[in-house]
K.L.:
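First the structure, then my questions, so here it is.
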Amino acid sequence: MPSNRLVVLGVLLLVAVYGLVEAYPLLAGPAIELSAPRSGEATSDPVTVAGRVSRAAALTLDGAPLIPEEDGSFVKLLAFPAGSSILTLSARDRFGRSITLTRTIVVE
């Protein structure tokens with residue numbers, strides 16, 4: 001009898017772990033990885049903004065919509081005047097959760 005209980009307990013544990021793995025995207029919210037430009041980086045004009053977004057229904061760059069590729073990657077060339085500027089990326093998922101990422105760049 002004790003071996004049957006262990007089997008049932010093992011199956012229930014596997015189902016619970018599987019449920020948590022499948023629910024992770026719903027629990028985690030959106031994420032942004034910005035590969036370029038680096039914060040405080042001195043760059044020349046135009047500035048390449050590149051990265052990847054995951055678990056997001058909408059992405060904006062300085063308030064303007066930015067459409068990522070199917071794999072979540074995005075690339076955008078922007079022109080800035082010489083001096084310091086701040087980039088703001090925001091992602092929102094279908095449940096209304098959002099994340100904002102800012103970068104300061106220096107255009108020479």
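The structure displayed is predicted, hence computed values, not measured ones.
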K.L.:
Only counting residues at least two apart or in another chain, list the ones meeting salt bridge (Lys or Arg N to Asp or Glu O under 4.0 Å) with Arg94.
P.N.:
none

K.L.:
Does Ser84 have any side-chain hydrogen bond (donor to acceptor under 3.5 Å, both in side chains) partners at least two apart in sequence or in another chain, and if so, which?
P.N.:
none

K.L.:
Which ILVMFWY residues are connected to Val49, directly or by a chain of links, through side-chain heavy atoms under 4.5 Å apart?
P.N.:
Ile32, Leu34, Val47, Val53, Leu59, Leu61, Leu66, Phe74, Leu78, Phe80, Leu87, Leu89, Ile99, Leu101, Ile105, Val107

K.L.:
Any sub-3.5 Å donor-acceptor pair from Asp62's side-chain atoms to Thr88's backbone N or O?
P.N.:
yes

K.L.:
Can you list, by chain and residue number, the hydrophobic cluster partners of Val75 when the side-chain cut-off is 4.5 Å?
P.N.:
none

K.L.:
So, Arg52 side chain and Gly72 main chain: donor-acceptor pair closer than 3.5 Å or not?
P.N.:
no

K.L.:
Enumerate the side chain to side chain donor-acceptor pair (under 3.5 Å) contacts for residues 98-108, please, sequence neighbours excluded, ordered by first and then second residue.
P.N.:
Ser90-Thr100

K.L.:
Could you list the cluster mates of Leu77? Members are the ILVMFWY residues connected by side-chain heavy atoms closer than 4.5 Å, either directly or through other members.
P.N.:
none

K.L.:
So, does Arg92 use its side chain to make a donor-acceptor pair with the main chain of Pro30 at under 3.5 Å?
P.N.:
no

